[in-house]
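These numbers were taken from a predicted model, which means no experiment stands behind them. Indexing begins at 1, ligand by ligand and atom by atom, following the structure's order.
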Amino acid sequence: VILGYLSRKFVQKSRNLGRKTSQLGEDYMAGITDQLNGIKDIKSNKLENSYIEWLRSLTSRMNAEQIEYVKLKSSSQLIYKVSAAILITVFIFISVKVFHAQGEQLLLIILIFSRLWPRFITIQSNFEQIAATLPACQAVTKLIEDCSKEQEFKQADALSLVTKPQIECKDVYFRYKKDSHNYVLKDINLTIPHNQMTAIVGPSGAGKSTLIDLLMGLNSAERGEVLVNGQPLKDELLLSLRQSISYVPQDSFLFNTSVRENLLTVNAQASERELWEALEFAMAAQFVENLSQGLDTVIGDRGMKISGGERQRLVLARAILKKPALLILDEATSALDTNNENKIKESIDRLKGKVTIVVVAHRLSTIQAADQVLVLEEGKVIQKGSFDQLAYEEEGAFHKLLEGQFQTVQ
Ligand SMILES: Nc1ncnc2c1ncn2[C@@H]1O[C@H](COP(=O)(O)OP(=O)(O)OP(=O)(O)O)[C@@H](O)[C@H]1O
Ligand SMILES: [Mg+2]
């Protein structure tokens, strides 16, 4: 017991080393992921040397830390073994000199001691090992706790779809950080009418994508509320709404599988004909036909093996295949040439009246058919109305945006 108490210094040291191992592991994972994602930037800007230097310094710190751990383990083992030898000598000396122990009693004591001591050393070294892995374990436990705190809803068995979604924002305020003074969205009051097309326009950084996240319940309002058909957007309604939504984000994401599997993720029962119809809609059928294995071509990590515009068209096709009640397009055709963009615009216009559509677009020519245009600036809706109505308001922000684009075209 006394030895165990005295050796707590080793356990403490192991714990500190474990903390370092954990931190180094985190730095390594974050750094390597960043570098793999940004490999084109690194190579084109000739930044390889600085990143190699980073890797060398990190691995040498990892190396030093591992050596320190092995040293700690060996020195604690050495101390236990030496103290065992001293202890047993003292024990035998006292037994013989003070208690006049007989040979057979001594033998028994030595036997018990030699059986018990290795156990003690194992327990001690296990303590050190546990102490070293404790920080990593605590980090994972904290992550699990954080995740369960943020859990949005319990999975319901049967969900009803929101077939006629009408979304309203009432006095909505939102900011990403609670301690930030500036709200990203302020005093938002709007209605996204069912089966109509709503366009959201405004300068970069105005809060358009943030507003869309709120409409889908990916972020929740700090003040005010988001209502779907009059009901607050939470719990089961959140899941039902998402099941009825197709969302094409600003940066398109595809899985590292075939075109077919990427499409089927949203609608596993889709027939071959439905797949091609969706691809036609998104002007993607021709390039998919030209791929080496057509629908079964694997398109690489995040769709790396096809062009940016082709990726965008596939993501749009996937969105259409889901047959949504609410279609949300955030700059969904920004990477396309004018010809393809116009054709997709025509396809989307044909959906008008059948699906609720929300479009974010910088190129205003693509939203001419919108029933409602919302102009967002610095997180506020500064103008609202139909395309024609806003185009005629000469002092309005929308008119200026239009004029700016018209001049650029001329
Ligand atoms: N995850 C985030 N954390 C903190 N701030 C964010 C985050 N995402 C966006 N912001 C900030 O919120 C503001 C609005 O961003 P948002 O992406 O909504 O703009 P946007 O209107 O969609 O712009 P763009 O036209 O360039 O896509 C910006 O000032 C941005 O810096
Ligand atoms: Mg955006």
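- For K186, the NZ atom is densely surrounded, since the number of other residues' heavy atoms within 6.0 Å is greater than 12.
- Side-chain N/O atoms of Q372 and S386 include no donor and acceptor closer than 3.5 Å.
- Judged by the shortest distance from any of its heavy atoms, K177 lies outside the 4.0 Å radius around the atoms of ligand 1.
- Counting heavy atoms under 4.0 Å from ligand 1, residue H362 touches it through the side chain alone.
- The environment of CD in E272 is crowded: more than 12 heavy-atom neighbours from other residues, nucleotides or ligands sit within 6.0 Å.
- Counting protein heavy atoms only, atom 17 (O) of ligand 1 is closest to S209 CB, 3.7 Å.
- Contacts between T210 and ligand 1, counted as non-hydrogen atom pairs separated by less than 4.0 Å, involve both the backbone and the side chain.
- Side chains of E128 and S76: a donor on one and an acceptor on the other come within 3.5 Å.
- The protein heavy atom nearest to atom 28 (C) of ligand 1 is G205 O, 3.9 Å.
- Counted within 6.0 Å of CZ on F253, heavy atoms from surrounding residues, nucleotides or ligands total more than 12; the atom is thus considered enclosed.
- Under a cutoff of 6.0 Å and an axis angle of 45°, R8 and F10 do not form a cation-pi pair.
- The nearest protein heavy atom to atom 13 (C) of ligand 1 is closer than 4.0 Å.
- A salt bridge links R273 and E277; the closest N-O separation between the charged side-chain nitrogens and carboxylate oxygens is under 4.0 Å.
- The protein heavy atom nearest to atom 1 (N) of ligand 1 is Y176 CE2, 3.7 Å.
- Every atom of ligand 1 with a heavy atom of V184 under 4.0 Å away is listed here by number and element: 12 (O), 13 (C), 14 (C).
- Between the side chains of D27 and Q23, at least one donor N or O lies within less than 3.5 Å of an accepting N or O.
- Take a cut-off of 2.8 Å around the Mg ion (ligand 2): the protein N, O or S atoms inside it are S209 OG, Q250 OE1.
- A distance of 6.0 Å or more separates the ring centres of W54 and Y51.
- In summary, the atoms of ligand 1 found under 4.0 Å from a heavy atom of Q250, numbered by their order in the structure, are 24 (P), 27 (O).
- At the top of the distance list for atom 25 (O) of ligand 1, counting protein heavy atoms only, stands K208 NZ, 2.8 Å.
- Here the CD1-CE distance, from I344 to M283, works out to 7.0 Å after rounding to the nearest 0.5 Å.
- The nearest protein atom to atom 26 (O) of ligand 1, hydrogens excluded, is given as S204 OG, 2.6 Å; this is a heavy-atom distance.
- Side chains of N340 and D337: a donor on one and an acceptor on the other come within 3.5 Å.
- With no hydrogens or angles considered, no side-chain donor-acceptor pair links S258 and D296 at under 3.5 Å.
- For atom 22 (O) of ligand 1, a protein non-hydrogen atom is found at a distance below 4.0 Å.
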